[in-house]
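Working notes for the structure below.
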Amino acid sequence: MIRTQAAGTLRAEHIGHQVTLAGWVARRRDHGGVIFVDLRDASGVVQVVFRGGSAEADTAASAAHVLRSEFCVRIVGTVERRPAGNENPELPTGEVELTVTELDVLSESAPLPFPIDEHVGVGEEARLKYRYLDLRRSGPAAALRLRSDANRIARGVLGERDFVEIETPTLTRSTPEGARDFLVPVRLQPGSWYALPQSPQLFKQLLMVAGMERYYQIARCYRDEDFRADRQPEFTQLDIEMSFVTQDDVIEVGEEITAALWKELAGVEIPRPIPRITWHDAMDRYGSDKPDLRYDLTLTELTEYLRGTEFRVFAGAIAAGGYVGAVVMPGGAGQSRKELDGWQDWAKARGAKGLAYVVFDGESGAPKGPVAKNLSEEHLAGLADAVGAKPGDAVFFAAGERIGAQELLGAARQEIARRTGLVDENAWAFCWVTDAPMFLPVESSDDVAVGSGSWTAVHHPFTSPTAEWLDSFEQDPGRALAYAYDIVCNGNEIGGGSIRIHQDEVQRRVFDLLGITPDDAAEKFGFLLEAFKYGPPPHGGIAFGWDRVCMLLAGVDSIRDVIAFPKSGGGFDPLTGAPTPITPQQRREAGVDAKPKPKADPAQ
RNA sequence: GGUCCCGUGGAGCAGUUGGAGUGCUCGCCGCCCUGUCAAGGCGGAGGUCGCGGGUUCAAGUCCCGUCGGGACCGCCA
């Protein structure tokens, strides 16, 4: 090593020691006769002092005048106690300083594109283009170190429980998650393409057939869909699969990992067991399959209460077998007309027709507003009680197809919480959402979901129905439930999984309902079905959205902050400039334009 | 594919109903300075106001288009 100590580790006990440090010039304070430099390395910062005195110290001091921000230097000196009154209690090393006898400039730094300074905000574009400089800052660096700790903790929990860490291919076939695939041309077989895995789903099931019994992997996954603050097309899962388990067993492991992470990295003891709510209850009460339970606000269904109303918006939904519901905005009656109109724009931006509302007068409690005029005396009289509103509150309504209307109210619930400060930013609220429906009706024609039936798998087509529905899911697919579960933290889905189908006959019936013919199935997942002929064990698993988990633990707003080199919205990497066009020769060699030769698929 | 917000020296921001010369803080360069720690003092350099078009006597400001970034919807566990 070219240094004897790490800068941030120097303490009073080192006083008198001659040490060699190496790091970067974080800041210099040149007083002419004495120069202070804050020397930073990965461990922290220590103040070094250039002062004349001896021949070599004079040489170092005069050389120090040319030091600039982020010069990389090696420094030899003596650790000394700072003069009385000059200690800096803000710094862990603030009791001491290094008096320099030798300075060696290892490399110089050009003027920086932005300051490497804790208290200066820098735009994300600049940060990502010079991410290596951004990561010299303590905040961004800490986020990556936290992620490393999370990996270590998860490996520890799983290792203790005899899980086997196994890597699976990234050049493979399409997997059944239902997102768009990234495709890779294959030079050796022009016209044929690999897909990058959307998850290791099929491989981890094969590993169960292989008798590994307990598998995990910190796996890179690829889905060619649009970006969000919590979504990149290239992301990481902590992927887990177990044999001979029930849903409760998987949930127990999931809680163990979650509890360990939050205990060590957030200093929080998560109360266990983590509460469970069924998917349908979550939709009914919170209008979301990933409810934020940091606040209490719930939805109220009014379908029965308002039956018989003449207000066309509600009557139409009820007549069509739909749903009418409401959510209260505490104190919402105090909003101006403009603010209430703003909610209409908010709803329209989400694709809704609008957001009907009634406000209750702050003193009389009398219902007011355009919708109130359309409701009968009776309906108005009992409304406040029905939805749990007090004088001074506002109530928003949604009507229409059940899930769609509930989701609108769920989004309104969140927005209400945000605007009225209901969210406790220091709270951690976890829950499991269980008993997800197996199927949803296929609506949009551009759905890339597998199969051509009128139903699509909510999770993926290998998800097992619950015991109650095992024999009967075909009879009422819309109500059939699956052993599928998500873990939710503060309104973020941080993980999800299911018990898989391991019986041939059940799998065939599910494919049948999804409109996947035996030929389709053989073509898409033939290798899996083949494997399942050879004594597949009952199995199930879970995958954590690792970027989101780290984002929450780091207390940041975007997964970009916990990814070393993230991409920006258009799939563009501001640092490398990827993606780039390819040369004609690359195009030729890659076989991008080649037609596949018809041939027998050896996987069948 | 859609909605909203942003784009002004290297960084972060201000710039009013369109009105003379685009301003501030930090950084950068030079000089001074022996106890600072987001050091201080003096001086200096650095700008196609993202780009293109339009309205106007006059555009950083208004309009249209376009590019880039961000948030959201669609899409996606």
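Quantities reported herein were computed from a predicted structural model and do not represent experimental measurements. A, B, ... follow the sequence lines: proteins, then strands. Residue 1 opens every chain.
- In this structure, CD of A:E90 is placed 15 Å from C1' of B:A39, rounded to the nearest angstrom.
- When both distances must be under 3.5 Å, the Watson-Crick or G-U wobble mate of B:C13 is B:G23.
- Across all strands shown, B:G18 forms no Watson-Crick or G-U wobble pair with both key distances under 3.5 Å.
- Taking atom P in both B:U3 and B:G44, the straight-line distance is 50 Å, to the nearest Å.
- A salt bridge does not link A:R68 to A:E108: none of the charged side-chain nitrogens sits closer than 4.0 Å to a carboxylate oxygen.
- For B:U36, one of the phosphate oxygens OP1 or OP2 lies less than 4.0 angstrom from a side-chain nitrogen or oxygen of A:N86.
- Between A:Y485 and A:W432, the two ring planes are perpendicular [angle over 60°; tilted spans 30° to 60°].
- The distance from atom CZ of A:F235 to atom C1' of B:A77 is 8 Å, rounded to the nearest whole Å.
- For an aromatic pair to be called close, the ring centres must be under 6.0 Å apart, and A:W24 with A:F71 fails this.
- Among the candidates A:T101, A:V46, A:V25, A:V48, the single residue satisfying the side-chain contact (heavy atoms from CB on, under 4.5 Å) test with A:I75 is A:V48.
- Spacing of C1' atoms, B:G60 relative to B:C13, comes out at 15 Å, to the nearest Å.
- Taking a cutoff of 4.0 Å between a charged side-chain nitrogen and a carboxylate oxygen, A:D292 and A:R294 qualify as a salt bridge.
- Across the protein-nucleic acid pair, A:F50 atom CZ and B:A39 atom P stand 16 Å apart, rounded to whole Å.
- Across all strands, A:Q414 comes closer than 4.0 Å to no nucleic acid atom at all (heavy-atom distances).
- Per the geometry, CZ belonging to A:R180 stands 11 Å off P belonging to B:G1, to the nearest Å.
- Between the C1' atoms of B:A59 and B:U22, the separation comes to 13 Å (whole Å).
- As judged by a 4.0 angstrom heavy-atom cut-off over every strand, A:G495 is placed among residues making no nucleic acid contact.
- Look at B:G68: its Watson-Crick or wobble partner, with both distances under 3.5 angstrom, is B:C6.
- The pair A:D226-A:R231 does not meet the salt-bridge criterion, since no charged nitrogen lies less than 4.0 angstrom from a carboxylate oxygen.
- Look at B:G60: it lacks any Watson-Crick or wobble partner with both distances under 3.5 angstrom.
- The phosphate of B:A39 has OP1 or OP2 within less than 4.0 Å of a side-chain N or O from A:R29.
- The aromatic rings of A:H460 and A:F462 lie tilted to each other, with the angle between the two planes from 30° to 60°.
- Taking a pair to require two hydrogen-bonding distances under 3.5 Å in either a Watson-Crick or a G-U wobble arrangement, B:G40 pairs with B:C32.
- A:H459 does not qualify as a stacking partner of the B:A77 base, lacking a centre-to-centre distance under 5.5 Å together with planes within 30°.
- To the nearest whole angstrom, the two P atoms, one in B:C24 and one in B:C31, are 25 Å apart.
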Write out a two-atom table: protein N or O, nucleotide N or O from nucleotides 67-73 of chain B, distance below 3.5 Å.
residue, atom, partner, partner atom, Å
B:G68, O2', A:E125, OE2, 3.0
B:G69, OP1, A:S568, OG, 3.1
B:G70, OP1, A:G569, N, 3.4
B:G70, OP2, A:G569, N, 2.9
B:G70, O3', A:R560, NH2, 3.2
B:A71, OP1, A:R560, NH1, 3.4
B:A71, OP1, A:R560, NH2, 2.9
B:C72, OP2, A:A229, N, 3.2
B:C73, OP2, A:R228, NE, 3.1

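- Sequence order on RNA chain B of the closest nucleotides to A:A436 and A:A126 puts A:A126 first from the 5' end.
- On the P atoms, B:U61 is 15 Å away from B:U55, given to the nearest whole Å.
- Across the protein-nucleic acid pair, A:K129 atom NZ and B:G50 atom P stand 17 Å apart, rounded to whole Å.
- Using cut-offs of 30° and 60° on the angle between ring planes, the pair A:F182 and A:Y222 is perpendicular.
- Within the 4.0 angstrom heavy-atom criterion, base atoms lie near A:D30.
- Within 4.0 Å of A:H460, counting heavy atoms only, lies no atom of the nucleic acid at all.
- Within the nucleic acid shown, A:E87 comes within 4.0 Å of at least one base atom, counting heavy atoms only.
- Side-chain contact between A:T168 and A:L207 is present, with at least one heavy-atom pair separated by less than 4.5 Å.
- Atom CZ of A:R127 is separated from atom C1' of B:G12 by 13 Å (rounded to the nearest Å).
- For the pair A:E225 CD and B:C75 P, the interatomic distance rounds to 10 Å; values are reported in whole Å.
- Checked for salt-bridge contact, A:R40 and A:E70 meet the test: a charged N lies under 4.0 Å from a carboxylate O.
- A:E415 has a carboxylate O that lies under 4.0 Å from a charged side-chain N of A:R419, or vice versa, which qualifies the two as a salt bridge.
- Within the nucleic acid shown, A:D289 comes within 4.0 Å of at least one base atom, counting heavy atoms only.
- Distance check on atom P: B:C57 versus B:C67 gives 32 Å, rounded to whole Å.
- Atom NZ of A:K348 and atom C1' of B:G74 are 19 Å apart (whole Å).
- Using atom P as the reference point in both B:U66 and B:G2, the two lie 9 Å apart (nearest Å).
- Between A:D224 and A:R180, none of the side-chain N atoms (NZ, or NE/NH1/NH2) sits under 4.0 Å from a carboxylate O, so this pair counts as no salt bridge.
- With respect to A:K567 and A:D573, no salt bridge is recorded, no charged nitrogen being found less than 4.0 Å from a carboxylate O.
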Legend entry - Under 4.0 Å protein heavy-atom contacts per nucleotide of nucleotides 22-30 of chain B, with B for base, S for backbone only and - for none: ------SSS

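- Within the 4.0 angstrom heavy-atom criterion, only backbone atoms of the sugar-phosphate kind lie near A:P113; the bases stay farther away.
- A donor and an acceptor atom never sit less than 3.5 Å apart when one is taken from the side chain of A:R223 and the other from the base of B:C75.
- Spacing of P atoms, B:U25 relative to B:U36, comes out at 24 Å, to the nearest Å.
- Put simply, A:R27 has a side-chain N or O that comes within less than 4.0 Å of OP1 or OP2 on B:A39.
- Closest-nucleotide positions on RNA chain B for A:G121 and A:Q237 were compared, and the one nearer the 5' end corresponds to A:G121.
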